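Structure first, commentary second.
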There are 2 protein chains.
Amino acid sequence: MKDNFLNYNNYVSVDCVVLGYNEVENKLQVLLIKQKGPAPNTAELFKPQYAIPGDLIKEEESLDEAAARILEDLVNVKGLFLEQFYTFGHPDRVKDPKDADWLSTRRKDPLARVITVAYLALVRIDQINPSAGYFAEQTTWRSIKKIPKLAFDHNTIVSKALDIIRAHPEQHLVGRELLPNKFTLSQLQNLYEVIQNKELDKRNFRKSIKNNEYLITLDEKQKGVLHKPAQYYAFKKLKK
Amino acid sequence: MKDNFLNYNNYVSVDCVVLGYNEVENKLQVLLIKQKGPAPNTAELFKPQYAIPGDLIKEEESLDEAAARILEDLVNVKGLFLEQFYTFGHPDRVKDPKDADWLSTRRKDPLARVITVAYLALVRIDQINPSAGYFAEQTTWRSIKKIPKLAFDHNTIVSKALDIIRAHPEQHLVGRELLPNKFTLSQLQNLYEVIQNKELDKRNFRKSIKNNEYLITLDEKQKGVLHKPAQYYAFKKLKK
DNA sequence: ATACTTATTGTATTTTGTACAATAAGTGAT
DNA sequence: ATCACTTATTGTACAAAATACAATAAGTAT
């Protein structure tokens, strides 16, 4: 529970759509939290909902910093790819009765309108260790194909994030964020296939990807696999 | 001057980058306002700045509605193409001393941090009639190549708008908004050239543009011109 | 040596982008 | 009627990129 409301701007929040890639199952999932109820003695009246991680911004932080802070608090990982993608500001977006209980325990002014700036983050599921923070009972990964009903307008926010990453996968440096430091071209192809939700031809995929200026061939192959070992590749470091 | 502050959310604003196309001179311009000073007897102390039109949002309106209202108040035109493109929220974005005077006369809490959601609008300059509203002394069009120093972080906002329209002119339905209902391919080409700031080959431009599913050939040609009359074209109506 | 599994590669075709200049259809002057 | 003038319109050759499609290679296990 927050100690006080003083450091927070009560009218603007940041919500983060964290997309996680499970390489083994080749699945894209979204990180959800389950809301934590109010004080224990009234807990039986509270119906927790799933939501994406988000919080009011603090007065002294920028939006980008707020997004990073929220992810760090919840996901316990720094340095993630993080990008603002849209701001949601319908006057009634926090006025649904289903959300009133939660707001009443978390907000200085539970009826206040809140505009939320939405961010997109990409992570490898095996790389992070989500742990429930003060605003969550638990965290969970859910397939982007089976997203439950979420608090507030979070279903809308997640949908918009998926639209955006599908429209511009390269721009979003998907491979860099969602694959290990060294990877095979088959791994890269699997990732592109799950994001675009369609199969790609191996030969054509390799032809096009090898024009990518950020891809470098390593001096290393797979070992111990029951088939021809694949070449490892990596991404060049980005200049800051 | 605003009658009261009650209907306004004092922490979130909408700013509009209005890009105007002057077909005769083939120039892109941005619509600026000159800030109006405070009460007349103190006016000599006030240094008005140029700014893009923007205002605090009202509590009962959505962000899209706020953008439309602001444009309507200032530009006196409805139904413009209007698109949210980024939200600016640096904690100090309204804390520059140069902006303190203006804020002190316009805001309930002049020191409050304001997050602004930025919108992009495209208009034909000859189609609208900007008139100074309560928040402006005058309005003016300025070439995108010579933008003066603006209030707050408005230079940054305008730059980002230009980046976006240049990256995706088709997506932004540039032609539809910036040309008359019927137009020639030369007019369309001139527009694309001024947006991209480079010359295009006539034959290749026509080849590529004729794949555009929204372009239809009309049964009408130019009349009375001192040269071969050009075919008129139009855009298909968009489905809502 | 063989079976098994995934990695790797080439070729023909189509589509798209690019560079480049001659002809067409009006008007106004003679 | 002819000519000068201005902008509109169009084609061709070439390069680059996207697409469809299947055989061979390099390991491991038996």
Side-chain angles (χ1 to χ4, degrees), chain A residues 22-26 166-171 174-175 179-235, chain B residues 22-26 166-171 174-175 179-235:
Chain A
N22 178 333
E23 202 188 312
V24 179
E25 301 182 45
N26 202 32
R166 283 178 175 142
H168 305 289
E170 6 32 84
Q171 279 183 31
V174 158
L179 290 176
N181 287 336
K182 61 183 185 185
F183 53 86
T184 69
L185 294 184
S186 294
Q187 286 177 293
L188 186 59
Q189 180 171 353
N190 284 337
L191 173 59
Y192 271 74
E193 286 179 340
V194 74
I195 289 172
Q196 293 176 32
N197 199 27
K198 68 175 179 183
E199 296 198 347
L200 303 171
D201 179 84
K202 284 186 184 187
R203 285 158 293 193
N204 296 338
F205 176 78
R206 280 156 192 253
K207 249 182 291 186
S208 64
I209 208 69
K210 284 191 174 176
N211 293 330
N212 188 312
E213 56 175 329
Y214 293 110
L215 196 63
I216 52 182
T217 308
L218 298 179
D219 254 349
E220 194 182 348
K221 285 182 181 179
Q222 279 181 326
K223 284 180 186 167
V225 289
L226 297 183
H227 52 80
K228 176 173 176 178
Q231 183 68 238
Y232 279 122
Y233 293 80
F235 286 107
Chain B
N22 177 332
E23 202 188 314
V24 178
E25 301 182 44
N26 202 33
R166 283 180 174 139
H168 305 290
E170 356 48 69
Q171 279 182 32
V174 158
L179 290 175
N181 287 336
K182 60 183 185 186
F183 54 86
T184 69
L185 294 185
S186 295
Q187 287 177 293
L188 186 59
Q189 181 172 351
N190 284 338
L191 173 59
Y192 271 74
E193 286 179 340
V194 73
I195 289 173
Q196 292 176 34
N197 198 28
K198 67 175 179 183
E199 296 198 347
L200 303 172
D201 180 84
K202 284 185 183 186
R203 285 160 291 192
N204 296 338
F205 176 78
R206 281 157 190 253
K207 248 183 291 185
S208 64
I209 207 67
K210 284 190 173 174
N211 292 330
N212 188 311
E213 57 175 327
Y214 293 111
L215 196 64
I216 53 181
T217 309
L218 298 179
D219 254 348
E220 193 181 350
K221 287 181 181 181
Q222 278 181 325
K223 284 180 185 165
V225 288
L226 298 183
H227 53 79
K228 175 172 175 177
Q231 183 68 238
Y232 279 123
Y233 292 80
F235 285 106

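All values below come from the heavy atoms of this structure, side chains included, with hydrogens, waters and symmetry mates left out. Here is how names work: the chains are called A, B, and so on, in the same order as the sequence lines, proteins then strands, and each is numbered from 1. If you're wondering where the values come from, they're calculated on a predicted model, not measured in any experiment.
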Write down the distance between [atom1] ([X]) and [atom2] ([N]), rounded to a whole number of angstrom.
X        : N      : atom1 : atom2 : answer
B/Lys221 : D/dT7  : NZ    : C1'   : 13 Å
B/Asn190 : D/dA8  : CG    : C1'   : 13 Å
B/Leu226 : D/dA8  : CG    : P     : 12 Å
A/Lys210 : C/dA7  : NZ    : P     : 13 Å
A/Gln187 : C/dA7  : CD    : C1'   : 13 Å
B/Glu199 : C/dT18 : CD    : C1'   : 16 Å
B/Gln222 : D/dT6  : CD    : P     : 16 Å
B/Asn26  : D/dT7  : CG    : C1'   : 15 Å

Query raised in the report: A/Lys228 side chain: which of D/dA25, C/dT27, D/dG27 is closest?
Result: D/dA25
**Report entry** Nucleotide nearest A/His227 when distance is taken to its side chain, options C/dA7, C/dT9, D/dA8
**Finding:**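 Closest nucleotide among those given: C/dA7.
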Report task. To the nearest 10°, let me know how far the axis at one end of the helix from C/dA1-D/dT30 to C/dT30-D/dA1 is tilted from the axis at the other, five pairs an end. Result -> 20°
Report task. Select base, sugar-phosphate, or nothing to describe what A/Gln231 touches, counting heavy atoms under 4.0 Å on all strands. Result ->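 Answer is sugar-phosphate: A/Gln231 comes under 4.0 Å of backbone atoms only.
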Query raised in the report: Base, sugar-phosphate, or nothing: which does B/Thr184 touch, judged by heavy atoms less than 4.0 Å apart?
Result: nothing
Please give me the minimum heavy-atom distance between [X] and [Y], naming the atom from each residue.
X        : Y        : answer
B/Gln231 : B/Leu218 : OE1-O, 2.6 Å
A/Leu215 : A/Leu185 : CD2-CD2, 4.1 Å
A/Gln222 : A/Pro229 : O-CB, 3.2 Å
A/Ala230 : A/Thr184 : CB-CG2, 3.6 Å
A/Leu200 : A/Gln196 : CD2-OE1, 4.2 Å

Query - DNA chain C contacts made by residues 201-208 of chain B, counting heavy atoms under 4.0 Å - result: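 Here the set is B/Asp201, B/Arg203, B/Asn204, B/Lys207.
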Requested in this report: Please list, chain by chain and in numerical order, all residues satisfying ring pair (Phe, Tyr, Trp, His ring centres under 6.0 Å) with B/Phe183, sequence neighbours excluded.
Outcome: B/Phe235
**Report entry** Flag, side chain of B/Glu23 to backbone of B/Leu179, donor-acceptor distance under 3.5 Å
**Finding:**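 Not at all, since once roles are kept as given, no pair shorter than 3.5 Å links the two residues.
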**Report entry** Any side-chain heavy-atom pair of B/Ile209 and B/Gln189 under 4.5 Å
**Finding:** no
Query - Closest-nucleotide 5' rank along DNA chain D - winner of A/Pro229 and B/Ala230 - result: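 Upstream on the strand: B/Ala230.
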Query raised in the report: Should A/Lys223 be listed as having a side-chain N or O under 4.0 Å from OP1 or OP2 of D/dT28?
Result: no
Report task. Any chance you could measure A/Glu193, atom CD, to A/Ile195, atom CD1, to the nearest 0.5 Å? Result ->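 One finds 11.0 Å between CD of A/Glu193 and CD1 of A/Ile195.
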